[in-house]
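Both ligands and their constituent atoms are indexed starting at 1 by order of listing. Note: hydrogens, waters and symmetry copies are ignored here, and every other heavy atom, side chains too, is used.
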Amino acid sequence: MTDNLSCILYGKNDIRLEQRSIPKAGPNQLLIRVKTVGICGSDVHFCLHGAIGNFIVKEPMVLGHESAGIVEAVGENVRGFSVGDRVAIEPGIPCRGCQHCKTGRYNLCPDERFFATPPTDGSLARYVTHDADFCFKLPENVSLEEGALCEPLSVAVHACRRAHLQIGQNVLVTGAGPIGFLCLLTAKAMGVSSVVVTDLDDGRLALAKKAGADHIVNVRGKSQDDLRREITSAFGGLMPDVSMECTGAQPCVETAITLTKSGGIVVLIGLGASRIEIPIIEASTREVDIRGIFRYANCYPTALQLIASGKLNLLRDLTTADYQLEDAVKAFERAQKADVIKVFIHC
Ligand code: NAD
Ligand code: ZN
């Protein structure tokens with residue numbers, strides 16, 4: 001056992017497939033034979049730009065953080081896992097000692113390391129080690145692809161929780177990328193009555209409609225007033241209780257704030273420009289709460305249960321494409337085409 005082919009980013013547009021030594025499971029860790037890794041927008045962004053904000057790829061870094069695999073070896077002190085278990089890998093490594101970690105909001109840990117965020121290596125390789133308490137056994141009826149999808153799904157679960165989403169509500173989702181899609185599906189699974197999805201791309205909107213959006217709106221060329229009319233009419237004349245912003249684009253943030261009903265909640269999931277102009281007085285005087293979202297905490301178990309219970313059928317509702325690890329470069333090219341919602345790499 002020596003083959004640990006790994007997909008490594010050296011810098012802007014420089015992905016190389018190289019052998020690395022197989023790591024050893026330390027105390028409280030698992031060695032996992034990685035099977036499936038989904039490509040995320042941030043992986044693509046690192047490839048194209050060599051950086052996201054202050055996170056700059058200075059040393060070669062293994063890509064990938066949406067992953068699932070099979071336990072190959074169990075480290076000292078680990079309980080509850082055996083060789084051969086199929087697991088979803090939650091890609092964070094928080095400090096576990098700070099106030100945020102101790103109160104359960106470990107996504108806010110200032111010292112959290114995260115797969116494929118420099119300088120921390122990701123999981124797009126044959127093998128990875130990870131702390132066992134951040135690995136989750138897959139129920140029998142959950143596939144490895146679905147296990148990998150628990151990562152972006154956890155973002156949607158966290159966003160729905162932060163939005164205090166309730167049965168019967170009306171929800172606006174801006175952006176029909178993978179995150180917007182998963183927000184749509186999760187909100188529906190939680191029993192909301194109507195979801196309107198907006199995007200610029202008719203292909204993605206058509207997929208969202210097929211996946212259960214009650215109404216789709218292409219925002220291209222439309223003013224905020226046009227959008228107000230079209231979206232409220234899609235909700236039967238009502239304003240949405242909750243808006244889930246999944247683009248990071250200024251016009252969408254503005255739509256989310258101005259269209260959400262007074263006393264409603266906007267969750268900002270999309271990360272775009274670091275500063276934008278928003279109608280802040282409108283938000284204040286109508287008590288529209290604007291809430292940030294940063295990844296997730298304690299959401300993997302819920303994500304897994306949503307899939308195992310059949311409340312979400314991700315592989316039916318998301319279009320996917322599959323590549324082998326050897327073809328990772330092609331997979332990254334495909335991920336930029338946006339003709340499918342999720343590209344998987346099989347390791
Ligand atoms: P994506 O780029 O695949 O999807 C974004 C979608 O928004 C695309 O379909 C695009 O056509 C659409 N869009 C872009 N500009 C638009 C506009 N002006 N009006 C309408 N639609 C527009 O990205 P994704 O993977 O779905 O992620 C969505 C966003 O969430 C990204 O900004 C990403 O960085 C962010 N994200 C945040 C977190 C977090 O923890 N807060 C986690 C994951 C992703
Ligand atoms: Zn911490």
Side-chain angles (χ1 to χ4, degrees), residues 38-46 48-49 52-53 55 65-66 91-114 116-117 149 151-159 161-163 172-185 196-208 213 216-224 226-227 230-231 243-256 266-274 276 291-297 299 318-319 334-343:
I39 300 182
C40 161
S42 66
D43 296 314
V44 173
H45 199 281
F46 274 123
L48 293 178
H49 305 281
I52 295 182
F55 291 102
H65 64 272
E66 301 178 354
I93 310 159
C95 83
R96 296 177 177 79
C98 71
Q99 179 213 351
H100 303 295
C101 283
K102 289 172 85 171
T103 54
R105 297 183 73 175
Y106 57 80
N107 57 324
L108 304 181
C109 171
D111 296 322
E112 183 178 38
R113 289 175 294 137
F114 199 82
T117 301
L149 285 170
E151 203 283 331
L153 178 55
S154 290
V155 175
V157 168
H158 183 61
R161 285 182 177 163
R162 295 263 302 148
L172 172 66
V173 173
T174 51
I179 296 293
F181 244 83
L182 291 165
C183 286
L184 157 69
L185 298 175
V196 174
V197 178
T198 69
D199 204 285
L200 291 162
D201 184 285
D202 281 326
R204 285 204 154 173
L205 285 170
L207 292 172
I216 49 175
V217 175
N218 192 324
V219 302
R220 196 176 288 283
K222 291 178 188 156
S223 68
Q224 293 288 341
D226 293 339
L227 292 172
E230 189 169 346
I231 292 169
S243 294
M244 309 187 77
E245 204 303 297
C246 302
T247 70
Q250 187 280 338
C252 297
V253 179
E254 181 163 345
T255 306
V266 174
V267 279
L268 296 182
I269 307 161
L271 301 170
S274 59
I276 57 169
R291 302 186 142 212
I293 300 296
F294 189 55
R295 298 177 184 145
Y296 41 77
C299 292
L318 305 180
T319 51
R334 181 71 181 272
Q336 289 165 51
K337 275 176 67 186
D339 63 324
V340 291
I341 294 292
K342 186 55 71 181
V343 173

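- Residues C246 and C183 have side chains in contact (heavy-atom distance under 4.5 Å, counting atoms from C-beta outward).
- Taking every non-hydrogen atom of G175 and a distance limit under 4.0 Å, the qualifying atoms of ligand 1 come out as 7 (O).
- For atom 23 (O) of ligand 1, the nearest non-hydrogen atom of the protein is P178 CD, 4.4 Å.
- Applying side chain to side chain donor-acceptor pair (under 3.5 Å) to Y296 and the options R161, H158, E151 leaves one that passes, E151.
- Using a 4.5 Å cut-off on side-chain heavy atoms (C-beta onward), K222 and V217 make contact.
- Scanning all protein heavy atoms for the shortest distance to atom 4 (O) of ligand 1 gives G177 CA, 3.3 Å.
- Cation-pi contact between R96 and Y106: absent, since separation from the ring centre below 6.0 Å together with deviation from the ring axis within 45° is not met.
- Closest heavy-atom approach to atom 16 (C) of ligand 1 within the set V219, L205, L200: this belongs to L200.
- Inside a 4.0 Å radius of atom 2 (O) of ligand 1 there is not any protein heavy atom.
- Within ligand 1, the atoms closer than 4.0 Å to a non-hydrogen atom of F294 are 40 (O), numbered from 1 in the order shown.
- At a heavy-atom distance under 4.0 Å, only side-chain atoms of C252, from C-beta outward, approach ligand 1.
- For atom 32 (O) of ligand 1, the nearest non-hydrogen atom of the protein is L271 N, 3.0 Å.
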Start with the C-alpha distance between D339 and R334, add both sets of side-chain angles, then the distance that settles salt bridge (Lys or Arg N to Asp or Glu O under 4.0 Å), and finish with yes or no.
CA-CA 8 Å; D339 63 324; R334 181 71 181 272; 3.1 Å; yes
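- In this structure, C101 and P94 have side chains that are in contact, with non-hydrogen atoms separated by less than 4.5 Å.
- Here the protein heavy atom with the shortest distance to atom 22 (C) of ligand 1 is T247 CG2, 3.6 Å.
- Residue C101: an N/O/S atom is found under 2.8 Å from the Zn ion (ligand 2).
- Residue-level proximity to ligand 1 for D199 is carried by backbone and side chain together, each with a heavy atom below 4.0 angstrom.
- Protein heavy atom at the shortest distance from atom 28 (C) of ligand 1 is C246 O, 3.1 Å.
- The closest protein non-hydrogen atom to atom 40 (O) of ligand 1 is R295 N, 2.6 Å.
- A distance of 10.0 Å separates OG of S154 from CD of E66, quoted to the nearest 0.5 Å.
- In terms of protein heavy-atom proximity, atom 30 (O) of ligand 1 is nearest to G270 CA, 3.5 Å.
- There is no side-chain donor-acceptor pair under 3.5 Å between E245 and S243.
- Looking only at protein heavy atoms, the nearest one to atom 18 (N) of ligand 1 is A249 CB, 3.5 Å.
- The contact set between ligand 1 and I293, taken as ligand atoms under 4.0 Å from a residue heavy atom, comprises 39 (C), 40 (O), 41 (N).
- When side chains are defined from C-beta on, V155 does not count as touching L182, because their heavy atoms never get closer than 4.5 Å.
- Of the candidates L207, I179, I39, I269, I269 brings a heavy atom nearest to atom 35 (C) of ligand 1.
- The heavy-atom pair separating I39 from A335 by the smallest distance is CG2-CB, 3.9 Å.
- Backbone and side-chain nitrogen or oxygen atoms of R204 are examined, and one is located within less than 3.5 angstrom of a nitrogen or oxygen of ligand 1.
- Taking CG from L172 and CE from M244, the interatomic distance works out to 10.5 Å, rounded to the nearest 0.5 Å.
- Put simply, the side chain of T198 does not reach to within 4.5 Å of the side chain of N218, judged on heavy atoms.
- Rounding to the nearest 10°, we obtain 110° for the angle at the Zn ion (ligand 2) between C98 SG and C95 SG.
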